[in-house]
Amino acid sequence: MPRKGVFPEYLKEKQGSKKVAEISFRELIDPRRLQHLQNEFCKVTGVAAVCLDSENQVVTEPYVDKTWKRLDGEDPISTEYHRKAAQALDRVQAGSLEEQVVEELPDGGHVAAVAVSVENNTILYWQVYDLKKIDTISFYQILDLLRDTSVDIYRDRMSCFSAEAESRRSRSAEEEMSRNLHTIEATTEIVQLLDSDEQIELAMNKWLKILSEHIRVDTADIFQLHSDTDTMNVVCEWRAPGQISYFDKINGVEVYSFLHAEKPLVVSTDSLGNAGSKEIEEIGMKAVMIFPILKQESGNMVLSLNHRTQGHVWSMAEIKFTADAVKILQSILTRRIQKNSLAGSYAALEEILDNVGCAIYVTDQTTGRMLFANQILKNTFAKELLDHNFDALLQSSVRKEKTKSVSVVYHAEKETWYDLLCKEIAWVDGKKANLYSLYDITDKKLYQRRIEQQVKQMQKKLEEQMAAEGKKYNTNPGGYIWPVDSRYITSTVGGRNSPGGVGSTNHKGTDIGRVGYTSPVYAAKAGTVIISAYNKYRGNYVVVSHGSGNTTTYQHLSSRSVSVGTYVAQGQVVGITGTTGVSSGPHLHFEITENGQIINPLKYLTDYIKGW
């Protein structure tokens, strides 16, 4: 007997703070919609029915044809019918192997109880009444139709729910990857200031700008406090667009008492109103972070980061990045004061690079000698570092793809793939260095391979089916039309930098932009749909087979208009453009394969506008 009220295992994943397994049947399927479907079903089949959920709660009211109504207003379903139906439901719910119980009454009518199950999980029950005395075979066929229709509705709703959850998880992963890349870029810019020969004021202004733009504050200041007076000087200040300075002078400004903090002070909007935050509120700040930079006898130097226009709750990532950036600034200042002190800078840098979320490797640009490897890289490539062949692994990838700033590293022994970003920097001691960052993209690669294999299998199956039916494809190459009305190409086949830090670096198709979220997508060539589905990388996508290894693929659709097995004419709409899956904005990713090999669509679509 199927388990009651339990959802399939593969759907037991978090949907925000709520689990799918905790979602009731009533939340998944609108009872009003189900009531309408039930009534229409009963009108067509001539039976009466009522639906109950897995907890035996009534979901729909029983439908009774108006021709069955009695003149005295009593229930047209007799007590005997209700009694037999209740007994049938008890038998179905009793935990036996019966999923359907049918009772024939003396007057020739029937009653039935049906348990509707998906993957051995009971999702609902139906009680069905035959008051028209339908023949037994037809009654059983009606019950089968009711059960199949219920399962189809359930699967459709769960498929939509699962796709929405997968889409949210994908977007979250994309956003996390983008944040990590942004953090690495900002860290690299700050690290480069260690070797700056500029005036210290210019270096500090650059440092403040990089920090402020990265954590997106409204205003930021570095103050030099005076120990002998209650005044301070404004050493550096940064303002976001639209923000104005609070100070009409830079020297002898009255000092705020909260700037005398000996330790970092973090005040978010939700902690305003507490003891000690009154002064912060009085000067109109919504959230503040104060970090001491240097302690001196003449007075401390402090950093102030502020949100003035809207409330803000500081995240741990913002606090940690600021703390690490302050350590670098302290090293810069200390280096200017004590030129022979590099140890503090290196220690601060090492701590930052050990916490960026990817493998980091730094080499001397002249000698190739390793200058630094963070803990993630040491753990991931321990054997290669020990055998002194890690550099060869890196350089082979860079040589193969030397025209791109992003390469792909394949580790044959581990069967893993990495996106490799190489950037030239100035190291702590002033040496020119190469900084390599490696992101593990193995899951993405394996997922893409499974999809490609699925396309080949579906195409082979279709060709075998057509051969059995004596049909034949027109397999001549070419003959394609534009799949959308736009002609603006943003990216084409081959190596490229990852757009927004989320797209593929080994591009297998052509991206067509300026399409928005509502442009129709046309079949570039007549053929049969072999895939119409959703996955976390391609989003909503359609694959059309044109025979003998010739396919076209349309990805990142907001919606699909065709199903598997559909024959589509050239120019027929197969979907609507969008930005589902791994995508940095609305566009159509369009692929062509001929004889199983990727072909650049621009070989055939020549009247395009170059936008890359």
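All figures in this text were calculated on a predicted structure; none of them were measured in a lab.
The closest donor-acceptor contact from the side chain of Thr269 to the backbone of Lys286 lies under 3.5 Å. The closest donor-acceptor contact from the side chain of Asp440 to the backbone of Ala359 lies at 3.5 Å or more, if one exists at all. Put simply, the side chain of Thr566 gets close to the backbone of Ser563: a donor and an acceptor are under 3.5 Å apart. Formation of a donor-acceptor pair under 3.5 Å by the Asp419 side chain with backbone atoms of Tyr439 is not found in this model. Side-chain N or O atoms of Ser268 include none that pairs as donor or acceptor with a backbone N or O of Asp270 at under 3.5 Å. Trp238 places no side-chain N or O within donor-acceptor distance of the main-chain N or O of Ile210, the cut-off being under 3.5 Å. For the pair Ser532 (side chain) and Val542 (backbone), a donor-acceptor distance under 3.5 Å is absent. Between the side chain of His556 and the backbone N or O of Thr580, at least one donor-acceptor pair lies under 3.5 Å.
Under the rule for a salt bridge (Lys or Arg N to Asp or Glu O under 4.0 Å), the partners of Glu237 that lie at least two apart in sequence or sit in another chain are Arg239. Checked against side-chain contact (heavy atoms from CB on, under 4.5 Å), Ala533 has the following partners two or more places apart in sequence or in another chain: Ile531, Tyr541. Take Trp314 and apply the ring-ring contact (aromatic ring centres under 6.0 Å, His included) test, not counting sequence neighbours, and it matches His307, His312. With sequence neighbours excluded, the residues that form a salt bridge (Lys or Arg N to Asp or Glu O under 4.0 Å) with Glu213 are Lys209. Annotation: ring-ring contact (aromatic ring centres under 6.0 Å, His included) contacts of Tyr522 (sequence neighbours excluded): none. Scored by the ring-ring contact (aromatic ring centres under 6.0 Å, His included) test, His36 finds no partners at all (sequence neighbours excluded). With sequence neighbours excluded, the residues that form a side-chain contact (heavy atoms from CB on, under 4.5 Å) with Ser558 are Ile576. By the salt bridge (Lys or Arg N to Asp or Glu O under 4.0 Å) test, Lys206 pairs with Glu198, sequence neighbours left out. With sequence neighbours excluded, no residue satisfies side-chain contact (heavy atoms from CB on, under 4.5 Å) with Asn595. Remark: Arg308 engages Asp218, Thr219, Gln243, Tyr246, Met285, Asn306 in a side-chain contact (heavy atoms from CB on, under 4.5 Å) (not counting sequence neighbours). Looking at residues two or more places apart in sequence or on another chain, you find a salt bridge (Lys or Arg N to Asp or Glu O under 4.0 Å) between Arg32 and Asp30.
For the atom pair Leu421 CG and Thr188 OG1, the distance stands at 8.0 Å (nearest 0.5 Å). Here the straight-line distance linking atom OG1 of Thr322 with atom CG of Leu305 works out to 5.5 Å at 0.5 Å rounding. Atom-to-atom distance recorded for Ile190:CD1 and Leu329:CG is 9.0 Å, nearest 0.5 angstrom. Distance check, rounded to the nearest 0.5 Å: CH2 of Trp417 to OG1 of Thr442 gives 6.5 Å. With values rounded to the nearest 0.5 angstrom, Met204 atom CE is found 4.0 Å from Ile222 atom CD1. If you take NE2 on His214 and CD on Glu318, they are separated by 8.5 Å, rounding to the nearest 0.5 Å.
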Dump the intermediate steps for side chain to side chain contact (heavy atoms under 4.5 Å, CB included) on Leu605 and Thr510, then the final yes or no. CA-CA 11 Å; Leu605 309 178; Thr510 290; over 6 Å; no
Please determine whether side chain to side chain contact (heavy atoms under 4.5 Å, CB included) holds for the pair Ile512 and Ile489, giving the CA-CA distance in whole Å, both sets of side-chain angles, and the decisive distance to 0.1 Å. CA-CA 5 Å; Ile512 307 175; Ile489 306 300; 3.8 Å; yes
Take Leu377 and Tyr436 through the side chain to side chain contact (heavy atoms under 4.5 Å, CB included) test and state the conclusion after the steps. CA-CA 10 Å; Leu377 187 130; Tyr436 301 90; over 6 Å; no
What do the steps show when you test Thr593 against Thr551 for side chain to side chain donor-acceptor pair (under 3.5 Å), and what is the final call? CA-CA 5 Å; Thr593 65; Thr551 64; 2.5 Å; yes
Please test Lys603 against Ile592 for side chain to side chain contact (heavy atoms under 4.5 Å, CB included), starting from the C-alpha separation and ending with a verdict. CA-CA 10 Å; Lys603 174 182 177 182; Ile592 295 177; over 6 Å; no
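Closest heavy-atom contact between Ser486 and Gly513: OG-O, 2.7 Å. Between Gly581 and Tyr534 the shortest heavy-atom distance is N-OH, 4.3 Å. Nearest heavy-atom pair, Pro520 versus Val484, reported as atom, atom and distance to 0.1 Å: O-CG1, 3.7 Å.
Leu588 has its side chain within reach of Pro483: a pair of non-hydrogen atoms, C-beta onward, lies under 4.5 Å apart. Here the side chains of Ser437 and Ile360 are in contact, with some heavy-atom distance below 4.5 Å. Side-chain atoms of Glu424 and Asn434, non-hydrogen and from C-beta on, do get closer than 4.5 Å to each other. Considering only heavy atoms from C-beta on, Ile328 stays 4.5 Å or farther from Leu193 through its side chain. Annotation: side chain of Tyr361 is not in contact with side chain of Phe381 (no heavy-atom distance under 4.5 Å). A 4.5 Å side-chain heavy-atom check between Thr416 and Thr380 finds every atom pair outside the cut-off. Put simply, the side chain of Thr553 reaches to within 4.5 Å of the side chain of Arg538, judged on heavy atoms. Residues Phe372 and Leu435 fail the side-chain proximity criterion, which asks for heavy atoms closer than 4.5 Å.
Between the side chains of Thr492 and Asn600, at least one donor-acceptor pair of N or O atoms lies under 3.5 Å.
Taking the six-membered ring where the residue is Trp, His546 and Tyr480 present perpendicular rings, their angle passing 60° and hence far from 30°.
Tyr554 has its ring centre less than 6.0 Å from the ring centre of Phe590.
Identified under the side-chain hydrogen bond (donor to acceptor under 3.5 Å, both in side chains) test for residues 568-579, with sequence neighbours left out: Thr579-Ser583.
The local environment of NZ in Lys320 is crowded, with over 12 non-hydrogen atoms from other residues, nucleotides or ligands closer than 6.0 Å.
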